[in-house]
A.B. asks: 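Have a look at the structure that comes next, please.
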Amino acid sequence: MSNSKPIKSLTSVSHETPLTLLETYPGALFFLDEAEKIVYANTSTQTMLGVSPETLVGNSFWCNVPQLVSPSLYLAVQKTKQTRAPTEVEYVSPVTQTWLHVQLSPTVRGILVQFHKMEEPLPSREAFFPDQYHVTDILESMYVGIGFLTTEGILLDINDVPLADAQIQREEVIGKPFAETPWWSSSPTSQHQLRAAIARASRGETVRFETLVHPREGMELYLEAVIIPHKDRHHSVEYLVYVGTDITERKRAEAAIHALIDALPQLVWTGRPDGYVDSYNQRWCDYTGIATEQAQGNGWLQCIHPDDQQHILALWQDAVQNGRPYEAEQRMRQSTTGAYRWFLVRATPFKDTQGTIFKWFGTCTDIHDKKRAEQQLKESRESLRVLAETVPQFVWMVRPDGAYEYRNQRLYDYIGFELEQTPSDWQRSCQFIHPEDRDRTRELWQHALETGAMFEHEERLINAQTGVYRWFLTRALPVRDEAGQIVKWVGTSTDIEEQKRTEAALRASQERVNALMNSSIIGIFVSEDSQIVDVNDTFLRMTGYTRKDLREGGINWMQITPPEYLARTVEAYQELYTRQSMTPYEKEYICKDGSHLPVLVGAILLEHHPNQSIGFVLDNSARKELEQRKDAFISMASHELKTPLTALKMQTQLARRRLERQSLQEAATALEMVEKPVKQLERLVEELLDVSKIQAGKLEYRQEMVDLGVLLREVVETMQQTHSSHTIVVRGTLHSSLMGDRDRLGQVFTNLLSNAIKYSPGAETIEMDLRASEDAVTIRVQDHGLGIPREQCDKIFDRFYRVVGPRQRAIPGLGMGLYIVAEIVKSHGGIITVESDVGKGSTFTVTFPKREDA
Ligand code: ADP
């Protein structure tokens, strides 16, 4: 390496001598200023480069002598400028392939550069790129374009790959601004990209970009270009390295993938290794309403629910950083409705053979409906849980192996401890069952487990706090999975203690009812309208009918009631239907053997539609027989009394008359005193006789025309003569006749007047009112006496009935008069009624219909 003498000043070029000196230099020689512009070039450059020195002066060295340009030289120039020390470099010109030896000497305002052609390299030469050619060889085989650029972007060297693509020679491009070479000049976009990248790289940044270039007519090439700044020890950028990788195939594959992605039913996107999301399928854009350009990078965040954005971004960045698959559920806004729907977003990193991620592929799957269904399921599970906690029963779930899955608080409170989820639980819980119920419970459980049938059992469970057993109805049903396998049993235990008690009470009362039903005293029947639908055994025993007769509808009111009782029976049933109950009444049943059974019947109505009633029947035959015997006795006694009484009366009258004839007046008067009670006694006996005749239906009536007016006048006169205590006032007259028994009719009014006098001890008058209308004759007997309580007015016409009361009790009587009166009036076609006010008096009214022949 030879040292060159420094040239003091570039102005010295104007000096003849040095210039001549320089001109004599055999190789090409250049003065470059600080900006590496050619200030001077000697004439040898003409020989070496075929360019006149004058054309070079004032121009950039790197752009005008491509035959000399090389990265090594470029670096040597930079070094000389920096170190201000002479240096030298040897290299093969990329253009001419000739070996050059270059000496560089710093000058005051620039550098002196001298070139020598040489045959071979010197054994020890300084090389700036010791591995340059070796590396290039390797890169060549990788089909990668490599270039070296000045920080201004002048191409210092380039390998064969891009040259072959563009079908141009190296010398055509070396020393030219890289951006103006054919690769870039045909595409303004890529040219612009490159210029920007060079500018950034020269500031120290590695810049990467993808672009589409047209190296030659008809050729289209997708390049991934990287501009790498090369820095020296002081971190200042020395030169730039360009690496261009043909990614056409990849781009085409990507285009195919995009077409495929667009066809997918999901929302799909791809991302760069650094997490920059670069593409979306149409579906994604349609759903979100965001165009790919807006969504690129982190633009997609705007479709994420505001509440989730931060969290989702952090998740994504974490996945990118760690190169791990990404998976998240996120809410994404649907542009058409504005509503957020749930999506399952998954992204997988794609790696090359070295394991370097070159792409992310992401999909968004709509899981909104599934999520909602899940949510609903969760809600319904929650509702079930709440329900299980609120119902008054115990609720529990147990697995087929006996392990409890769930039991509600109520159950816990009752048994007093938490059950563990172990298969032994069920055994343990058995201890709360009453010892007498345990075996049956186990047996039924076993059966349920084997058959899958519902478990149902009433069992007693002990209350842990009180130590008292209560009855529970336990029920459980199996829950099966899709394959039909039982996965659990869901059960409830309902407290039926009260129900049990009620049932027991009901049973007892039922037993009582049954006892009543089956009592041998009372016959019971249930009837619907006129049909008897059920009876007890007593009823059957009383009447002689059988259950078969009952089933065959053989027991019917119409059939078992004798004709003479039909009217009364219908009346009784009308009362039942209107008043819901029937006053017990006497009647007879026709028994199966045709005999008549006297009975007392009462009933109450159960339902209206149909008229269902329940009734009781008492055998009245014993009472009836007693009554008959009593009647027979009265009849016999009255007959037996009548004969001696008549004899006594006759004897007394005869004796009195005899004494009167003998003028023994005193004795006659005494005898007359005896005659009066005898007469009373006689009347009593006659009444008794009348009553027994009525009972026997043997009271006979004469049939004669009776002038009522005359009859009543006579009765009143007689009464007035014998009863001077009251004045009988008669109002009105009667000119009516009646066919009947004169004496019996006279007995009616005699009795009414005598009662009126008898029961009005403090009064002075009795009024009699006679009235005749067109079709009836009415006779009223009114007194101002004691009166009759309203509720007893109906009863005074009954046999032997007397009004209950202290004042009435003091008045003698046997309660036969009105019974006979009513019977006589009835037999004459008339009716008798009474109106009375207690303490004010009573009015008896007798009405006879006027007969047409009367
Ligand atoms: P007795 O022989 O008791 O008078 P009756 O059959 O004539 O029997 O009358 C029945 C009952 O009716 C009497 O006991 C009496 O209590 C009541 N009674 C009848 N007539 C009257 C009347 N005019 N005023 C008040 N009570 C009467």
Side-chain angles (χ1 to χ4, degrees), residues 630-631 634 637-638 641 676-695 699 712 715-716 718-720 722-731 743-770 778-828 830-847:
K630 189 182 74 191
D631 289 345
I634 291 171
S638 49
L641 280 171
K676 208 173 167 190
V678 169
K679 260 188 199 161
Q680 273 177 356
L681 199 61
E682 191 192 20
R683 211 172 47 242
L684 200 74
V685 171
E686 266 167 10
E687 279 188 349
L688 267 175
L689 263 175
D690 285 350
V691 166
S692 54
K693 277 183 196 159
I694 291 167
Q695 281 301 108
L699 191 66
L712 286 169
V715 168
V716 169
T718 312
M719 286 304 291
Q720 193 63 80
T722 49
H723 296 84
S724 52
S725 57
H726 293 72
T727 308
I728 302 170
V729 182
V730 179
R731 288 198 202 96
D743 290 346
R744 291 289 176 198
L745 287 170
Q747 190 181 344
V748 167
F749 298 107
T750 304
N751 204 305
L752 290 178
L753 283 172
S754 105
N755 273 353
I757 292 163
K758 193 161 69 164
Y759 294 105
S760 59
E764 288 174 356
T765 54
I766 304 294
E767 279 118 53
M768 200 167 192
D769 200 44
L770 312 178
T778 308
I779 302 104
R780 277 203 185 88
V781 177
Q782 187 182 8
D783 66 58
H784 305 282
L786 305 179
I788 305 157
R790 190 177 298 271
E791 67 281 3
Q792 297 185 47
C793 281
D794 281 350
K795 296 182 183 167
I796 55 172
F797 298 102
D798 288 351
R799 197 161 48 128
F800 306 126
Y801 189 88
R802 304 204 70 223
V803 171
V804 186
R807 296 194 67 186
Q808 279 89 350
R809 211 173 296 144
I811 299 167
L814 285 177
M816 290 186 289
L818 286 179
Y819 174 70
I820 299 164
V821 163
E823 182 61 31
I824 297 169
V825 172
K826 203 172 111 190
S827 297
H828 284 82
I831 46 169
I832 179 163
T833 56
V834 62
E835 283 170 64
S836 187
D837 246 340
V838 174
K840 287 188 180 165
S842 315
T843 306
F844 286 83
T845 308
V846 178
T847 309

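Read the numbers this way: they start at 1 and go in the same order the structure lists the ligands and their atoms. Quick note: residue numbers are just sequence positions, from 1.
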A.B. asks: Does ligand 1 come near enough to P812 that some N or O of the ligand is less than 3.5 Å from an N or O of the residue?
C.D. replies: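 Such a contact does not occur with ligand 1.
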
A.B. asks: Below 4.0 angstrom from a heavy atom of A756, which ligand 1 atoms are there? Numbered from 1 as shown, please.
C.D. replies: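 Matching atoms, with element in brackets: 23 (N).
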
A.B. asks: Among all protein non-hydrogen atoms, which one is nearest to atom 19 (C) of ligand 1, and what is the separation to 0.1 Å?
C.D. replies: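 I find the closest protein heavy atom is N755 ND2, 3.4 Å.
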
A.B. asks: Evaluating non-hydrogen atoms only, which member of Y801, F844, Y819 is closest to atom 10 (C) of ligand 1?
C.D. replies: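 Closest candidate by heavy-atom distance is Y801.
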
A.B. asks: Using distance alone, decide if ligand 1 has a nitrogen or oxygen within less than 3.5 Å of any nitrogen or oxygen in G817.
C.D. replies: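 So ligand 1 has an N or O lying under 3.5 Å from an N or O of G817.
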
A.B. asks: Can you pull out the closest protein heavy atom to atom 12 (O) of ligand 1? Residue, atom name and distance to 0.1 Å, please.
C.D. replies: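 Of every protein heavy atom, I796 CG2, 3.6 Å lies nearest to atom 12 (O) of ligand 1.
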
A.B. asks: After noting the C-alpha distance and the side-chain angles of E687 and Y819, does the key distance pass the side-chain hydrogen bond (donor to acceptor under 3.5 Å, both in side chains) rule?
C.D. replies: CA-CA 10 Å; E687 279 188 349; Y819 174 70; over 6 Å; no

A.B. asks: What protein heavy atom sits nearest atom 17 (C) of ligand 1, and how far off is it?
C.D. replies: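 Result for atom 17 (C) of ligand 1: V803 CG2, 4.0 Å.
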
A.B. asks: Dump the intermediate steps for side chain to side chain contact (heavy atoms under 4.5 Å, CB included) on F797 and V834, then the final yes or no.
C.D. replies: CA-CA 10 Å; F797 298 102; V834 62; 4.1 Å; yes

A.B. asks: Counting from 1, what ligand 1 atoms have a heavy atom of M816 closer than 4.0 Å?
C.D. replies: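 Contacts of ligand 1 toward M816, numbered from 1: 6 (O), 8 (O).
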
A.B. asks: Can you confirm, on distance only, whether ligand 1 has an N/O atom lying under 3.5 Å from any N/O atom belonging to Y759?
C.D. replies: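 Yes: some nitrogen or oxygen of Y759 is under 3.5 Å from one in ligand 1.
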
A.B. asks: Which residue holds the protein heavy atom closest to atom 5 (P) of ligand 1, what is that atom called, and what is the gap in Å?
C.D. replies: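 That would be L818 N, 3.6 Å.
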
A.B. asks: Let's go through T750 and R683 carefully: what are the C-alpha distance in whole Å and the side-chain angles of both, what is the deciding distance for side chain to side chain contact (heavy atoms under 4.5 Å, CB included) to 0.1 Å, and is it a yes or a no?
C.D. replies: CA-CA 12 Å; T750 304; R683 211 172 47 242; over 6 Å; no

A.B. asks: May I ask whether S842 has any heavy atom positioned less than 4.0 angstrom from an atom of ligand 1?
C.D. replies: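 S842: in contact with ligand 1 (<4.0 Å).
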
A.B. asks: Mind listing the closest non-hydrogen atom pair of S760 and G785 along with its distance?
C.D. replies: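 Of all heavy-atom pairs spanning S760 and G785, the closest is CB-CA, 3.2 Å.
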
A.B. asks: Is D783 close enough to touch ligand 1? Criterion: a residue heavy atom under 4.0 Å from a ligand atom.
C.D. replies: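 Under 4.0 Å: yes for D783.
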
A.B. asks: Walk me through it: do V803 and L786 pass the test side chain to side chain contact (heavy atoms under 4.5 Å, CB included)?
C.D. replies: CA-CA 11 Å; V803 171; L786 305 179; over 6 Å; no

A.B. asks: How far apart are the C-alpha atoms of Y759 and I788, what are their side-chain angles, what is the distance that settles it, and do they pass the side chain to side chain contact (heavy atoms under 4.5 Å, CB included) test?
C.D. replies: CA-CA 10 Å; Y759 294 105; I788 305 157; over 6 Å; no

A.B. asks: Heavy-atom count around K826 NZ within 6.0 Å, excluding the residue itself: above 12?
C.D. replies: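 It does not: K826 NZ has 12 such atoms or fewer within range.
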
A.B. asks: Establish, from distance only, whether the side-chain atoms of E767 and H784 form a donor-acceptor pair under 3.5 Å.
C.D. replies: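 Present: a donor and an acceptor within the cut-off.
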
A.B. asks: Got the closest protein heavy atom to atom 8 (O) of ligand 1, with its distance?
C.D. replies: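 The answer is G815 CA, 3.2 Å.
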
A.B. asks: I need the atoms of ligand 1 closer than 4.0 Å to a non-hydrogen atom of K758, numbered in the order shown.
C.D. replies: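 Atoms satisfying the 4.0 Å criterion: 1 (P), 2 (O), 4 (O).
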
A.B. asks: Take atom NZ in K758; do more than 12 heavy atoms of anything else shown fall under 6.0 Å from it?
C.D. replies: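 Counting neighbours around NZ of K758, more than 12 heavy atoms of other residues, nucleotides or ligands fall under 6.0 Å, so yes.
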
A.B. asks: Would you say the side-chain atoms of Q747 and R744 include a donor-acceptor pair closer than 3.5 Å?
C.D. replies: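 Q747 vs R744: donor-acceptor pair found between side chains.
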
A.B. asks: Name the closest protein heavy atom to atom 3 (O) of ligand 1, giving the residue it belongs to and the distance to 0.1 Å.
C.D. replies: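 That would be R802 NE, 2.5 Å.
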
A.B. asks: For G813, take its heavy atoms, then give the atoms of ligand 1 lying under 4.0 Å from any of them.
C.D. replies: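 Checking each atom against G813, I get 1 (P), 2 (O), 3 (O).
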
